[in-house]
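Read the structure below first, then the notes.
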Amino acid sequence: MARAAADSRDTLGFGALLRGPLVGLTEEEIADVVVALPLRPDGSPSQLYLWTDPGAVSHPVLSRTLEILQNLARKARLTTPYQLTAEALEELNVRPILRARYHRGAERALANVELFLEMARAYDARGLSAFVEALRANWEEAEKQIEGRPDADVDAVSLITIHSAKGLEWPIVIPINSATNLTEDMKFLHRRSNDTVHFKLFDYAGPDYDLVKNAEREQLRRERVRLWCVALTRACDLLLLPRQTERDPSDWLSLLDLCLDELPLFDSLALPTPLRPPTKESENLQDAATWAAEAAAIAARRTIFWRSPSRHEIAVDEELGPPQEEEVYADETVLQEELPVQPGPALRYATIQGSRERGLVLH
């Protein structure tokens, strides 16, 4: 899809998109569309490519696909690859198609789609063509890519800061590290009202240092209270607040009264369904005689060794012994003397034919 929108000359990418499962056209349908295209002004048959007039295409799916690809190609030089691919995924209904194709679970396929979008973010300044060339190079060099995590948003446990949680929600939220002490850095203080800086010099403070320090502490306390409000309003179904028996009066929980003693204790047994049903372990009915019989059957199996004579890194075999060292000849005359002579009307030497690639193919 990206290749077809990036370069109209890439007929291989364009044809693979039409023939692949995303568009799903058969070879017969594509051939019928090509035959039905109007002839060129010189009388030669027209070809199907990216900029073919969608109005001249009789197939509705192909006509709609051409409109989408042409719209993306016009924006290729003006829009980031991430925006283009995101728009293409929506226009071509990639996510609904994947959900319909994988009935039992499309999480992994959808995660790979999101991973593809994240890969395009790094090419915002270089454009879609550079992104496509990088994808082509990775494909040709068989460079491995870690698949997207299907559990990244659904079944995973996210550990984030309260600042990062603004605007987000989760079914269950557990604030942690709430019993840690509050830290403050009061070496350099900034009074915003008159834009002045206050600090101690050789342990001597100015006349307004204590006043500015108390104002800074009060502002920092109000900001931390607002963070607590963010943390306590992120849960959709359940908010679990840890209750510590040993606490410090200057910890995070001391900023506001959560009335922990009045809250009920969490009871996992009160849930309508258990979080994880207990699994019953199967009984091991294997006795010593059965184990010995199975071990003997495994030991009696024949082992197949794959030998590649064209390779030189063959391991030492007990039957064949160590591999023989091959002599290297720098002079062609010396090599001709060592080659075996073939009988015939005239004396001639055996010529070396084939190559390592040919040997691998034959094997």
Side-chain angles (χ1 to χ4, degrees), residues 82 85-86 89-90 93-121 145-184 217-282:
Y82 178 86
T85 51
L89 292 175
E90 295 297 330
N93 299 322
V94 174
R95 293 183 179 89
I97 290 175
L98 291 177
R99 291 191 180 95
R101 185 178 183 185
Y102 303 99
H103 299 283
R104 297 185 178 180
E107 290 80 9
R108 182 176 296 276
L110 295 176
N112 288 332
V113 171
E114 300 301 328
L115 178 63
F116 182 81
L117 287 176
E118 292 300 325
M119 291 171 59
R121 286 186 182 273
Q145 174 69 35
I146 299 177
E147 284 192 293
R149 293 183 54 184
D151 59 344
D153 298 327
V154 182
D155 300 325
V157 177
S158 302
L159 297 177
I160 62 174
T161 61
I162 302 178
H163 290 87
S164 303
K166 294 180 180 179
L168 303 178
E169 290 181 345
W170 290 269
I172 301 175
V173 173
I174 306 176
I176 60 175
N177 291 343
S178 57
T180 55
N181 293 332
L182 297 172
T183 59
E184 58 182 18
R217 282 180 174 175
E218 178 62 22
Q219 183 176 359
L220 185 60
R221 188 193 67 82
R222 292 196 298 266
E223 182 181 354
R224 288 168 173 172
V225 171
R226 290 193 294 267
L227 284 178
W228 262 116
C229 295
V230 173
L232 299 178
T233 55
R234 298 305 95 194
C236 297
D237 301 329
L238 181 63
L239 174 65
L240 292 178
L241 296 175
R243 178 182 298 175
Q244 288 85 7
T245 57
E246 298 181 2
R247 287 184 47 228
D248 193 289
S250 62
D251 59 4
W252 277 83
L253 280 176
S254 63
L255 293 173
L256 67 167
D257 186 10
L258 296 178
C259 302
L260 296 179
D261 297 333
E262 301 177 4
L263 296 179
L265 294 176
F266 173 69
D267 185 11
S268 60
L269 300 179
L271 297 176
T273 56
L275 297 179
R276 179 175 296 177
T279 57
K280 183 179 180 181
E281 297 183 359
S282 59

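Rounding to the nearest 0.5 Å places CG of Leu117 at 4.5 Å from OG1 of Thr85. Here Ile174 contributes atom CD1 and Leu238 contributes atom CG; the two are 7.5 Å apart, rounded to the nearest 0.5 Å. To the nearest 0.5 Å, atoms CG (Leu227) and OG1 (Thr161) are separated by 9.0 Å. Within the model, atoms CG of Leu115 and CZ of Arg108 stand 11.5 Å from one another, a figure rounded to the nearest 0.5 Å. Going from atom CG of Leu241 over to atom CG of Leu232 covers 6.0 Å, rounded to the nearest 0.5 Å. Taking CG of Leu265 as the reference point, atom CG of Leu240 lies at 11.0 Å (rounded to 0.5 Å).
Side-chain contact between Pro175 and Leu239 is present, with at least one heavy-atom pair separated by less than 4.5 Å. Side-chain contact between Trp228 and Ile162 is absent, with no heavy-atom pair separated by less than 4.5 Å. Here the side chains of Val94 and Phe116 are not in contact, with every heavy-atom distance at 4.5 Å or above.
Take Glu114 and apply the salt bridge (Lys or Arg N to Asp or Glu O under 4.0 Å) test, not counting sequence neighbours, and it matches Arg95. Not counting sequence neighbours, Arg99 has no partner by the side-chain hydrogen bond (donor to acceptor under 3.5 Å, both in side chains) test.
Here Glu118 pairs with Arg121 in a salt bridge; the nearest charged N to carboxylate O distance falls below 4.0 Å.
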